[in-house]
Amino acid sequence: MSLTKRAGLALAVPTAVLLAMTACTDEAASPPSSSSPSSASASPPPPGPASPSDDKDTAMTIRLTVDGHPIDATLNSGATARDFAALLPLTLKLSDFHETEKIADLPRRLSTSGAPDAAEAKPGDLAYYAPWGNLALFYRGSGSSDAGLIILGHVNGDTERLATATEVTIEAAS
């Protein structure tokens, strides 16, 4: 390529860039039209069919069956609780832990993405203990919080029945 062609190309590129920048500036200064990106982002999207992410703020009612007795519970709307709900129905063997909670191994670990910080469990709380990957059903106060404890929901009834339980079936309530 000759020196004159290179010089002409060198002048043409900055001119093209300058024209593009000017076009952007002129567009920003003009009032938005119905097809401009700025007007599309300013108005909410039109309502459409519900998607699974639309349910993220909705709590879910579940039923625990302990010794043949149903106990209703509510799962919160967190991502870990939704991941737990995806495992239902479950029948789990329970073990006592510190005379405050019943624990059970889950078939797989739950997602903890976006989970809140440490939580103090209260009687009736259903929780996921991430370091061990297990479910905890609190029937007495724990009094302590643990960085790996994620509250999934709460039992809406008799938590003392959990104290003697050795097995629980958990399913979505109809």
Side-chain angles (χ1 to χ4, degrees), residues 35-174:
S35 64
S36 77
S38 60
S39 66
S41 64
S43 63
S51 68
S53 63
D54 292 341
D55 297 339
K56 71 181 178 184
D57 295 328
T58 306
M60 177 183 183
T61 303
I62 59 172
R63 177 157 297 133
L64 285 65
T65 303
V66 178
D67 299 329
H69 299 279
I71 303 171
D72 287 339
T74 304
L75 291 179
N76 65 38
S77 60
T80 306
R82 289 192 312 273
D83 195 25
F84 174 71
L87 295 175
L88 302 180
L90 286 173
T91 297
L92 304 168
K93 297 283 184 204
L94 299 172
S95 302
D96 197 74
F97 190 74
H98 293 296
E99 297 181 353
T100 59
E101 63 189 280
K102 294 291 181 159
I103 61 172
D105 292 327
L106 293 173
R108 67 169 170 79
R109 289 190 172 270
L110 301 178
S111 169
T112 58
S113 176
D117 292 336
E120 183 177 330
K122 298 176 207 61
D125 280 347
L126 283 76
Y128 177 65
Y129 187 60
W132 293 354
N134 67 6
L135 180 69
L137 304 168
F138 287 86
Y139 60 89
R140 291 196 183 107
S142 73
S144 66
S145 60
D146 191 307
L149 191 64
I150 301 167
I151 304 299
L152 302 175
H154 194 79
V155 171
N156 302 330
D158 181 17
T159 59
E160 279 303 313
R161 187 171 301 280
L162 296 172
T164 59
T166 58
E167 186 176 88
V168 64
T169 298
I170 307 170
E171 56 197 343
S174 51

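Note that the structure is a prediction, hence the values are computed from the model and not measured.
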To the closest 0.5 Å, what do you measure between [atom1] ([X]) and [atom2] ([Y])?
| X | Y | atom1 | atom2 | value |
| --- | --- | --- | --- | --- |
| I150 | N76 | CD1 | CG | 10.0 Å |
| N134 | I103 | CG | CD1 | 5.0 Å |
| Y139 | L94 | OH | CG | 10.5 Å |
| R63 | T169 | CZ | OG1 | 12.0 Å |
| F97 | W132 | CZ | CH2 | 3.5 Å |
| L64 | D158 | CG | CG | 12.0 Å |

Exercise: identify the closest heavy-atom pair between [X] and [Y]:
| X | Y | result |
| --- | --- | --- |
| P123 | T159 | C-CG2, 4.2 Å |
| L75 | A85 | CD1-CB, 3.9 Å |
| D96 | A163 | OD1-O, 4.5 Å |
| A172 | M60 | CB-CE, 3.4 Å |
| A119 | L149 | O-CD2, 3.6 Å |
| T91 | E167 | CG2-CD, 3.7 Å |

Item checked: Verdict with reasoning, R108 to D83, per side chain to side chain contact (heavy atoms under 4.5 Å, CB included) -> CA-CA 10 Å; R108 67 169 170 79; D83 195 25; 2.7 Å; yes
Heavy atoms, side chains only, cut-off 4.5 Å: are [X] and [Y] in contact?
| X | Y | result |
| --- | --- | --- |
| L106 | R109 | no |
| L110 | L135 | no |
| R161 | I71 | yes |
| V155 | L126 | yes |
| R140 | E101 | no |
| T65 | E171 | yes |
| K93 | T166 | no |

Checklist line | Heavy-atom neighbours of E99 CD exceed 12 at 6.0 Å | finding: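 Result for CD/E99: open.
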Margin query: Pairing donors with acceptors under 3.5 angstrom, does anything connect the side chains of T80 and T112?
Written below: no
Checklist line | T74 side chain to N156 side chain, donor-acceptor N/O pair below 3.5 angstrom | finding: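 Short answer, yes.
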